[in-house]
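Note that these values count all heavy atoms, side chains included, but never hydrogens, waters or copies made by symmetry. These numbers come from a predicted model, not from an experiment. Both counts, for ligands and for their atoms, begin at 1 and track the order of listing.
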Amino acid sequence: MVRVRFAPSPTGPLHIGGVRTALYNYLFARQNGGKVILRIEDTDQTRFVPGAEQYIIEALDWLGIKFDEGVHIGGPFGPYRQSDRKPMYRQYAEQLIRDGWAYYAFDKPEALEAKRKEYEAQKKTFQYDCNTRMQMENSLSLGMEEAQRRIDVGEPYVVRFKFPNNIDITVHDMIRGDVTMNSRLLDDKVLFKSDGMPTYHLANIVDDHTMEITHVIRGEEWLPSAPLHVMLYKAFGWEDTMPRFAHLPLLLKPEGNGKLSKRDGDRLGFPVFPLEWHDPKSGEISSGYREKGYLPEAVVNMLALMGWNPGTEQEIMSMNELIKLFNVEHISKNGAKFNLDKAKWFQHEYFQKLSDEQVGDLLEAQLKEHDIMADHNYIVKVAAMMKERITFPSELWDTCSYFFVAPTEYNEKDVAKRWTPDMHIHMAKVIEILNTVPFEYDAIHKALLDDYIAANGLNTGKVMNSLRIAVVGRTVGPDMITLIMMIGKDETIRRVQNAIDKLKIEQ
Ligand code: GLU
């Protein structure tokens, strides 16, 4: 039975890199008929940010990444928040000490700082490890009896992992293959503190084991910690059930140099968070995909392809298709560059998948904000016609407003280019034609374009674009005759007359 977990720390809003990690876990679990678990890793209380846990839950829910067990829904392996599991970690730290895999350390921050300085002065870097641990104050250098005495009188301590000297530790990574590191390079990481809180490393391994996690799929930034994790499984005697590891490539800046950061998003105008985030301390607001109008399906599809591909050219994939096609073998080893144009392209594609009725509803809401009431069927018809020009719902008003209200101003550049001094004569003729020919597409088309414009040797672009300026306010929009048919004869005539009056005076 496959069991995977997404294990964020509630230290702020969830970065889209984290969302991608959650998504890959979800896809992998669903594909294998397994379970996906949401565990909150909040052992570092100094980095705790109120609201972050709720944000993570809401963001993943919005994206359709659903969990089988977790902090918000419970489950048979709970609790799923590490601070709620606090009492269970001590016994594991003690087990490691008993078995010679860990030791108590009493070094005060000042003593550690002094050591660091001492090494710096010799142009060396201090590391608490097999070479230095005997110079420090710990149960190895002081003896267990003295250590126990200090603990009994309430001296603060930490528990450190005791890396064996000079052994090669291999992490079998599903994406990278075997990654080997020598223990000489690794420091004796703190696993537990005297306040009863484990550090990330201990809590993470104990929880993965007790929650029966089979695969750890997480960001590449955790690869340097993986040798310690592998050693912890060995030290606990849990090697036979050790999960398999997959470290995902980084999400990179659009230029490809370095990790995608919030600052890149601000600089280039795209969100790096799924939902808008209001920082509780600074009050700063960071934009979110949801508030920008992105559809969750578009975000999911885009993120799925940042670091993975199905092995074909296919780009548009629903969550269900992704579940079918996902495979760890096709996850790239290299970082994936963020591409804003591609993000918008996905959004446009998914916007087109909305029904005319859905787009109509979005448009109707915006019309109401502008105090405009219109027939629902008419709104849906406009939505159907204009949908392909829209990427974000926020564009609806600007793109469609002239179907409902006459322009109040005319684009200056367009007027300067098209509305020549003789134009009022031609526009008066347009009014005359609309008043006399049957109000039908073909009839209007023939009367305007053939019998008037062509027959008099006029410039079609100039006349038709001037008509468009009168009706729309600028030279954009759908087929002109269709537009006239939509807004109606009387309204068209009113707008053309308006333009004649206004633009004549101005000229
Ligand atoms: N709490 C870690 C994080 O915030 C989890 C890393 C892991 O998945 O092991 O990313």
Side-chain angles (χ1 to χ4, degrees), residues 2-29 34-49 51-57 59-60 65 67 69-71 77 79-86 89 161 171-176 179 189-191 197-233 236 238 242-251 259-262 272-274 277 303 307 328 331:
V2 163
R3 287 176 59 82
V4 296
R5 83 308 192 266
F6 179 55
S9 297
T11 54
L14 185 60
H15 186 276
I16 52 166
V19 175
R20 189 197 55 178
T21 300
L23 174 65
Y24 284 13
N25 273 284
Y26 174 81
L27 296 176
F28 185 75
K35 299 258 189 272
V36 53
I37 292 133
L38 178 63
R39 182 172 77 220
I40 296 292
E41 301 207 326
D42 60 346
T43 53
D44 189 350
Q45 296 288 323
T46 59
R47 293 179 63 219
F48 177 82
V49 173
E53 179 181 313
Q54 208 40 50
Y55 176 99
I56 292 165
I57 293 167
L60 297 173
I65 298 171
F67 291 87
E69 297 167 28
V71 68
F77 293 83
Y80 293 92
R81 188 184 293 109
Q82 288 183 330
S83 55
D84 295 338
R85 299 169 71 79
K86 184 177 164 185
Y89 299 113
F161 188 68
V171 180
H172 304 288
D173 189 273
M174 291 164 78
I175 299 166
R176 277 147 228 279
V179 180
K189 279 270 181 308
V190 173
L191 300 177
M197 265 299 189
T199 60
Y200 154 73
H201 301 291
L202 180 69
N204 186 270
I205 275 22
V206 166
D207 287 352
D208 282 350
H209 175 72
T210 54
M211 292 181 180
E212 297 178 11
I213 298 303
T214 57
H215 297 77
V216 167
I217 304 170
R218 62 182 175 189
E220 186 183 278
E221 63 271 28
W222 298 104
L223 188 58
S225 301
L228 168 64
H229 297 173
V230 168
M231 283 307 288
L232 279 168
Y233 281 100
F236 280 121
W238 299 335
M242 181 168 77
R244 300 193 63 196
F245 291 99
H247 288 92
L248 306 175
L250 292 176
L251 289 195
K259 212 169 144 179
L260 181 69
S261 73
K262 182 175 133 32
V272 295
F273 302 124
W277 167 253
L303 284 179
V328 176
I331 295 177

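- With respect to atom 8 (O) of ligand 1, the closest heavy atom belonging to the protein is Arg5 NH1, 2.7 Å.
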After noting the C-alpha distance and the side-chain angles of Glu41 and Tyr200, does the key distance pass the side chain to side chain donor-acceptor pair (under 3.5 Å) rule?
CA-CA 7 Å; Glu41 301 207 326; Tyr200 154 73; 5.2 Å; no
For Val36 and Ile65, what are the C-alpha separation, side-chain angles and deciding distance, and is it a side chain to side chain contact (heavy atoms under 4.5 Å, CB included)?
CA-CA 10 Å; Val36 53; Ile65 298 171; 6.0 Å; no
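- Only the side chain of Asn204 comes within 4.0 Å of ligand 1, counting heavy atoms alone; its backbone N, CA, C and O stay farther away.
- Residue contacts with ligand 1 leave out Glu221, since none of its heavy atoms falls under 4.0 Å from the ligand.
- Ligand 1 places these atoms under 4.0 Å from at least one heavy atom of Tyr200: 2 (C), 5 (C), 6 (C), 7 (C), 9 (O).
- Judged by the 6.0 Å and 45° rule, Arg3 forms a cation-pi pair with Phe77.
- Contact annotation for Phe6 and ligand 1: no heavy atom of the residue comes within less than 4.0 Å of the ligand.
- In terms of polar-atom proximity, defined here as any N/O pair under 3.5 Å, Ala7 does make such a contact with ligand 1.
- Residue contact check: Glu41 has heavy atoms under 4.0 Å from atoms 1 (N), 2 (C), 5 (C) of ligand 1.
- In terms of heavy atoms, Leu202 sits closest to Phe236 at CD1-CZ, 3.8 Å.
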Assess whether side chain to side chain contact (heavy atoms under 4.5 Å, CB included) is satisfied between Lys189 and Thr199, documenting all intermediate values.
CA-CA 9 Å; Lys189 279 270 181 308; Thr199 60; over 6 Å; no
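- At most 12 non-hydrogen atoms from other residues, nucleotides or ligands lie less than 6.0 angstrom from NZ of Lys259.
- When the heavy atoms of Arg218, Arg39, Gln82, Arg47 are ranked by distance to atom 7 (C) of ligand 1, first place goes to Arg218.
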